[in-house]
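Chain identifiers are assigned alphabetically (A, B, ...) following the order of the sequence lines, protein sequences preceding nucleic acid strands; residue numbering begins at 1 within each chain. Hydrogens, waters and symmetry mates are skipped; everything else that's a heavy atom, side chains included, is used.
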4 protein chains.
Amino acid sequence: MATKSKGRTTDRRNREPEILAAAIEVFHRKGYAAASLQDVADIVGVLKGSLYHYISSKEELLARICVESHKQSSVIMQESLDAASNPLDQLRAFLHATAVWYLTNIERVSIYFNEGKWLTGDNIDRVRAQGREFHAFIRSLIDKARTEEQVRAEVDPRVAAQLIIGALNSIPTWYRPDGLYPPEEVAGIYTDMTLASLCNPAPPAKTD
Amino acid sequence: MATKSKGRTTDRRNREPEILAAAIEVFHRKGYAAASLQDVADIVGVLKGSLYHYISSKEELLARICVESHKQSSVIMQESLDAASNPLDQLRAFLHATAVWYLTNIERVSIYFNEGKWLTGDNIDRVRAQGREFHAFIRSLIDKARTEEQVRAEVDPRVAAQLIIGALNSIPTWYRPDGLYPPEEVAGIYTDMTLASLCNPAPPAKTD
Amino acid sequence: MATKSKGRTTDRRNREPEILAAAIEVFHRKGYAAASLQDVADIVGVLKGSLYHYISSKEELLARICVESHKQSSVIMQESLDAASNPLDQLRAFLHATAVWYLTNIERVSIYFNEGKWLTGDNIDRVRAQGREFHAFIRSLIDKARTEEQVRAEVDPRVAAQLIIGALNSIPTWYRPDGLYPPEEVAGIYTDMTLASLCNPAPPAKTD
Amino acid sequence: MATKSKGRTTDRRNREPEILAAAIEVFHRKGYAAASLQDVADIVGVLKGSLYHYISSKEELLARICVESHKQSSVIMQESLDAASNPLDQLRAFLHATAVWYLTNIERVSIYFNEGKWLTGDNIDRVRAQGREFHAFIRSLIDKARTEEQVRAEVDPRVAAQLIIGALNSIPTWYRPDGLYPPEEVAGIYTDMTLASLCNPAPPAKTD
DNA sequence: AATGAATGAGTATTCATTCAT
DNA sequence: GATGAATGAATACTCATTCAT
């Protein structure tokens with residue numbers, strides 16, 4: 001009653017963020033291919049067709065999520081370079097910051113890394129370019145650190161970078177934000193293990 | 001005439017393996033959700049409806065792929081235990097063998113690790129149990145190795161196991177079997193980096 | 001500030017003619033059924049919903065175009081009767097004037113003749129009545145001319161009228177206003193051919 | 001009863017011709033753009049989606065209708081050339097045969113001439129090429145007849161051909177196959193008027 | 001075993017129209 | 001007058017699954 005007399009609270013809010021949030025949730029839970037705009041619309045509380053006031057296609061929705069994530073990723077790259085004066089510590093800063101970002105934005109970042117491949121046309125080109133940029137950034141830091149003998153000469157920067165990214169990308173498949181492992185702690189473990197793997201040799205096999 | 005009276009050799013073969021192979025290819029290329037049984041049928045050279053002589057549903061097809069992979073995985077676990085007498089070398093053997101297996105069977109193993117989550121009901125329970133078994137195996141070896149002081153005490157076996165598996169699972173997203181990096185070499189890099197990360201501390205940050 | 005106090009000239013124009021012109025362009029280019037009001041609104045530079053201040057429905061828009069065209073058509077009929085004192089020359093005048101009008105207003109006239117059939121209810125009745133009027137006008141002139149032996153007795157006025165209108169209506173499907181054939185010339189060709197077909201017998205077949 | 005015991009008459013017929021026939025009816029009645037596959041499916045007595053066993057898209061359905069019609073049209077061209085030894089009589093034969101064909105297959109031929117423009121890609125190229133072929137055929141006969149002085153020198157073959165085709169195409173908009181005007185008669189009127197228009201001058205205006 | 005036709009529920013997308021602001 | 005958001009019904013098309021033959 002009161003609500004009505006007041007004069008229609010009819011949700012004058014802009015629905016765009018709501019839609020993006022709903023899409024992130026759905027794409028993450030069901031995967032982009034299996035997710036339906038109906039699911040998104042249901043969450044927002046709007047008819048399926050009404051979504052098209054805010055988006056031009058399902059793919060554009062995915063593209064938008066990816067682009068946003070990439071922006072954040074770029075910021076982290078820059079900040080990491082500023083945070084230290086030697087490549088190994090820059091890498092340390094980058095891995096840690098990225099892991100924390102990942103752990104605190106699991107859904108959207110996971111979509112960026114795992115569902116971006118479903119994009120097509122220009123979108124997929126852009127996402128692939130971003131992926132290469134991400135990979136190249138890590139590889140180049142490893143390379144520089146190796147030149148400065150902070151990283152072992154035997155390390156293959158290309159493969160190492162892939163494995164490091166792989167471990168990072170696995171986070172959304174197993175991490176549960178239930179408080180047992182706070183993001184900072186997991187990020188620390190990840191960063192330490194990664195640096196240890198780059199700077200030390202594997203122990204020899206026991207032959208007793 | 002002659003051909004017909006002879007009792008046509010035409011496809012007297014059992015189509016089941018063909019169908020599984022086709023499904024593996026399609027599920028890997030397009031992802032389970034986006035893959036269609038039509039694609040599978042086209043590859044096998046059979047009508048869509050005919051697939052149902054061999055499978056009971058699309059999901060069962062996925063389940064079968066996962067089960068097969070898990071069998072192989074179990075064999076590797078057992079062999080690794082037999083291959084060495086101390087936990088760290090058992091882990092080394094396991095990671096190397098698993099990586100080689102992965103690298104030489106990218107499609108099916110990738111489905112096992114990445115598409116299995118789309119299963120439902122009993123199937124998903126089974127696949128999750130297998131995943132836990134896989135994880136528990138690695139974690140327990142780390143644990144034992146830590147008890148024997150082969151692995152640093154600071155290592156968190158649970159998180160470490162997840163990251164180790166994550167790096168492994170990333171392989172199909174970037175590995176190209178084009179000869180530049182033979183499986184043995186990549187598996188070696190992976191194993192060495194992983195062991196190094198478990199047995200050594202990260203270098204301290206430079207403070208100059 | 002100043003601009004606002006002044007009482008902005010912004011679009012103080014009446015948008016109705018603009019909307020009609022836009023609709024004519026769109027209906028002609030895409031066909032009534034395939035045309036969308038969004039297209040019309042885009043051209044006018046207004047939101048789709050705003051069109052409803054000027055029209056009550058998409059169909060009404062079409063109806064208005066047809067009515068306007070018919071008015072012009074009525075004028076031409078009257079003028080043709082005044083332009084000559086015998087039916088054949090009245091017909092000549094009518095065909096020529098109609099063709100010129102058609103050739104210089106291809107879009108709107110083409111809609112009148114080719115898209116009017118999609119109207120419903122009262123609208124379709126009106127358009128059909130106009131079509132019958134148009135047809136009856138031509139037929140009656142042919143009839144009179146035949147009575148006066150200006151047109152051959154063998155001519156069937158009903159079918160002849162239909163074919164004459166048909167040739168006329170085809171113009172928008174092939175005429176390009178690029179200057180190669182000026183409207184006057186095409187109208188002349190059309191008129192001459194039509195009159196020749198009414199007043200002369202077909203040549204006999206050669207039997208050599 | 002008998003029918004049932006016999007063992008399911010379940011329409012073992014091939015539905016393709018039925019679907020084509022239904023599509024012809026619907027496309028003609030509502031126009032291609034406004035026609036829906038639901039309409040077609042309803043007529044055939046099948047679910048909408050089931051149509052896709054026979055067609056690959058709505059457009060392909062239209063394309064098929066057009067291609068079929070064009071084949072018939074080609075046959076008529078060839079037969080007309082064989083039917084007479086001079087261009088005017090060849091034209092006469094062609095116009096008559098085409099008109100009869102049109103009058104006895106109004107729906108499909110009308111779609112060919114009037115809805116083909118909605119095709120896209122290769123289809124529209126093909127249909128346009130066919131249209132040019134049709135036009136070129138008529139124009140070339142007029143040209144030859146003019147060279148042989150069977151047709152007046154003043155006639156513009158290009159524009160004349162367009163008007164002749166235009167009159168033909170108008171047939172489905174007004175012809176009713178109710179027996180009042182048998183196809184042969186209408187075709188005769190059309191052919192005679194057309195030839196008369198090509199071979200004779202228009203009468204001069206009266207100046208009294 | 002295999003076919004081929006059919007189902008039915010689903011998908012993304014479009015669009016004329018309405019209406020509170 | 002104009003906006004922008006929303007509706008609701010429709011559209012072409014897809015696909016796992018079924019089943020008589």
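Comparing atom distances between the D:Leu47 side chain and each of F:dG4, E:dT13, E:dT7 picks out E:dT7 as nearest. The side chain of B:Arg15 sits closest to E:dA2 out of F:dT3, E:dA2, E:dT13. The nucleotide whose nearest atom lies closest to any side-chain atom of A:Lys48 is, among F:dT11, E:dT13, F:dC13, E:dT13. The side chain of A:Tyr52 has E:dA12 as its nearest neighbour among F:dT7, E:dA12, F:dT17. Of the candidate nucleotides F:dT17, F:dA2, E:dA2, E:dA2 has the atom nearest to the side chain of B:Tyr54. Distance from the side chain of D:Val46 is smallest for E:dT7 among the nucleotides E:dT7, E:dA16, F:dG1. Set against F:dA16, E:dA5, E:dT17, the side chain of D:His53 has E:dA5 as its closest nucleotide.
In this structure, A:Asp39 contributes its side chain and A:Ser36 its backbone to a donor-acceptor pair below 3.5 Å.
In this structure, B:Lys58 and B:Leu37 approach most closely via the heavy-atom pair CG-CD2, 4.0 Å. Between D:Leu62 and D:Glu115, the shortest heavy-atom contact is CD2-O, 3.6 Å.
Residue D:Leu51 contributes atom CG, which lies 10 Å from atom P of F:dA12 at whole-angstrom precision. Residue A:Ile19 contributes atom CD1, which lies 15 Å from atom C1' of E:dT13 at whole-angstrom precision. Atom C1' of nucleotide F:dG4 and atom CD of A:Glu16 are separated by 13 Å, given to the nearest angstrom. The NZ-C1' distance, from C:Lys58 to E:dT18, rounds to 17 Å in whole Å. If you take CD of D:Glu60 and C1' of F:dA12, they are 14 Å apart, rounded to a whole angstrom. In this structure, the CD atom of D:Gln38 is 14 Å from the P atom of E:dA9, given to the nearest Å.
Here B:Ala33 lies out of heavy-atom contact (under 4.0 Å) with every strand. Heavy atoms of D:Ala35 sit under 4.0 angstrom from primed sugar atoms or phosphate atoms, though from no base atom. B:Ala41 comes within 4.0 angstrom of nothing in the nucleic acid, heavy atoms only.
A sub-4.0 Å separation between OP1 or OP2 of E:dA5 and a side-chain N or O of D:Ser50 is absent.
F:dA20: Watson-Crick or G-U partner is E:dT3, with both key distances under 3.5 Å.
Along DNA chain E, the nucleotide nearest to B:Gly45 and the one nearest to A:Glu59 differ in position, and the one closer to the 5' end is contacted by B:Gly45. When each of A:Asp39 and A:Gly49 is assigned the nucleotide of DNA chain E with its nearest heavy atom, A:Asp39 is the one assigned upstream, toward the 5' end. Residue-to-nucleotide proximity on DNA chain F shows that, of D:Lys30 and B:Leu37, the 5′-proximal contact is made by D:Lys30.
Ionic pairing of C:Lys71 and C:Glu68 is not present here: no N-O contact between side-chain nitrogen and carboxylate oxygen is shorter than 4.0 angstrom.
Residue C:Tyr32 forms a ring pair (Phe, Tyr, Trp, His ring centres under 6.0 Å) with just one option from C:Trp118, C:Phe27, C:Tyr112, and that option is C:Phe27.
Proximity of A:Glu60 to A:Arg64: side-chain heavy atoms (C-beta onward) are separated by under 4.5 Å at one or more points.
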